[in-house]
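Given the structure is predicted, the values throughout are model-derived calculations rather than measurements. Start at 1 and go down the list; that is how both ligands and their atoms are numbered.
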Amino acid sequence: MTGYIASHMVALLHEQGHKVSGVDNFSNSTIESLERLETLCETDLVFEEVDVCNEERLKFALTIATKVNGPIDAVMHFAGLKAVGESSKIPLHYYQTNIAGTLNLLGCMRDFGIKQFVFSSSATVYGVPETTPLHEGCRTQSTNPYGRSKLVIEELLEDIAAADPEMRITRLRYFNPVGAHPSGLIGELPNGIPNNLMPYVFKVATGELPQVNVFGNDYETKDGTGVRDYIHVCDLVSGHLSAVKHLAKNKGLFTFNLGTGKGYSVLEMIQRTEAITGIKIPYAISERRPGDVGEVYADASLAKHVLNWEAEYNLDDMIYHQWQWARKADQ
Ligand code: UFG
């Protein structure tokens, strides 16, 4: 509930008048993350410190949530590990947290009679892109334990949906979430040196790191550097809200890309960040990062057509909001 994407989800649900309850084990957030979220929502939230792998504690949290907020309509599952490189070093931990944690959650949902489930999947399930833009019908493959964990969950959700005609499940394939809440009160808090491009770029902008290492400039892309589909975290969570509204009216299993459909290169991201912050971002071209691909961006038309959702924030908004947050987090 207090991680990067979940916290923005809670803020939106709260703003729209929904009753929300959540859990977190603070593995990638802190108690201050919860406090900031409560400041933003101007209320105490129904929250329990729980590891999603702990069945007894999860049932306790669901019992409390039901007592306080009434029967639970839907579960949104953001509790997963997400660092691609780390996943190859500690695959068992990734499988235990991501796969066993999801199974545990689904088991608890069954016991509480909850039928609606929104799962945070990833564009990583497309592996090496078959084509660009990537549409939901493209073949899937896994290239690392993180991606495998997402793909395994996607597949087991097919079995669960097939076995129970009352289930309503949506798998959302995220492209590259960036940005922060426009209030500047919540955002991403990466542990240690960030793996992802934009948190790294902002650590350079705030002077905490000396330069951005650009992983390769010999890809077949507009300027040779990696192209990705960056999506504002607030757009991403509004996609979840659209998905859960759609599930309220539709049984079965659904899959949507959440992206903007636009691709920007690493150098374009650095240049726009320089323009918006007014700060020079030193960078150096280094080797390609193992496992990286040149160009990944979404065909976002299915979500537009079925969910009536599309991203609204542009690249400058993403960078400006993340900069507001990075400056604050740096103080
Ligand atoms: N990059 C750099 N330098 C850095 C970090 C990244 O040049 O220090 C480049 C990468 O090579 C890539 C682009 O910036 O071209 C974006 O890299 P990120 O690490 O920010 O994001 P990825 O696209 O590699 O990965 C993200 C998520 C994964 C998810 C994947 C799905 O981090 O969890 O998208 O496509 F699985």
Side-chain angles (χ1 to χ4, degrees), residues 3-5 28 78 80-88 94 97-98 119-130 132-134 138 140-154 171-179 188 190-205 208-231 233 236 257-260 262-273 281-300 315 318-319 322:
Y4 176 42
I5 295 164
N28 202 23
F78 302 93
L81 299 172
K82 59 165 189 154
V84 175
E86 182 187 63
S87 77
S88 296
Y94 268 69
T97 306
N98 291 5
F119 175 62
S120 302
S121 189
S122 164
T124 196
V125 300
Y126 295 116
V128 179
E130 183 184 10
T132 42
L134 282 155
C138 285
T140 53
Q141 61 173 200
S142 49
T143 52
N144 54 64
Y146 162 72
R148 188 161 296 115
S149 73
K150 292 289 177 191
L151 197 49
V152 167
I153 299 164
E154 281 211 357
R171 309 179 295 191
L172 296 176
R173 294 177 176 162
Y174 301 177
F175 281 71
N176 290 55
V178 295
E188 187 172 17
N191 279 334
I193 296 182
N195 293 302
N196 293 121
L197 178 68
M198 291 314 282
Y200 202 107
V201 166
F202 284 102
K203 291 257 180 211
V204 175
E208 292 166 78
L209 291 170
Q211 66 174 29
V212 179
N213 300 306
V214 176
F215 298 146
N217 65 349
D218 56 353
Y219 288 105
E220 278 185 31
T221 59
K222 47 186 133 181
D223 59 20
T225 66
V227 166
R228 295 291 182 275
D229 185 336
Y230 297 92
I231 174 170
V233 62
L236 190 78
N257 286 339
L258 291 184
T260 64
K262 295 190 188 80
Y264 292 97
S265 74
V266 175
L267 293 182
E268 284 175 329
M269 296 304 280
I270 292 174
Q271 281 150 11
R272 280 318 298 159
T273 306
I281 313 275
Y283 68 86
I285 306 296
S286 66
E287 293 290 293
R288 287 184 177 195
R289 184 170 60 179
D292 264 355
V293 295
E295 192 164 76
V296 181
Y297 63 95
D299 175 338
L315 186 65
M318 301 178 209
I319 294 174
Q322 194 161 348

Please could you name the atoms of ligand 1 that [X] approaches to less than 4.0 Å, counting only its heavy atoms?
X: Gly226; value: 15 (O)
X: Asn213; value: 2 (C), 3 (N), 4 (C), 7 (O), 8 (O)
X: Lys82; value: 33 (O)
X: Ser122; value: 29 (C), 31 (C), 36 (F)
X: Val214; value: 7 (O)

One residue to check: [X]. Relative to ligand 1, which of side chain, backbone, both or neither has a non-hydrogen atom less than 4.0 Å away?
X: Tyr174; answer: neither
X: Asn195; answer: backbone
X: Asp292; answer: side chain
X: Arg289; answer: side chain

#### Entry: Any Tyr230 heavy atom less than 4.0 Å from ligand 1
yes
### Message
If the contact criterion is a heavy-atom separation under 4.0 Å, does Tyr146 count as touching ligand 1?
### Response
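Yes; Tyr146 lies near enough to ligand 1 that a heavy-atom distance drops under 4.0 Å.
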### Message
Judged on heavy-atom distance to atom 34 (O) of ligand 1, which of Leu134, Val125, Asn176, Val204 sits nearest?
### Response
Asn176
### Query
Counting heavy atoms only, which of Tyr200, Phe215, Tyr283 is nearest atom 4 (C) of ligand 1?
Phe215
### Glu268/Lys222 salt bridge by N-O under 4.0 Å criterion
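Result for this pair is yes, salt bridge flagged.
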### Message
Check this for me, if you would: do Glu154 and Arg148 make a salt bridge, where the nitrogen-to-carboxylate-oxygen distance has to be below 4.0 angstrom?
### Response
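Arg148 and Glu154: not salt-bridged.
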### Under 3.5 Å: N/O of Leu197 near N/O of ligand 1
yes
### Query
Do Arg288's NZ or CZ and the ring of Tyr219 fall within the cation-pi criteria of under 6.0 Å and 45°?
yes
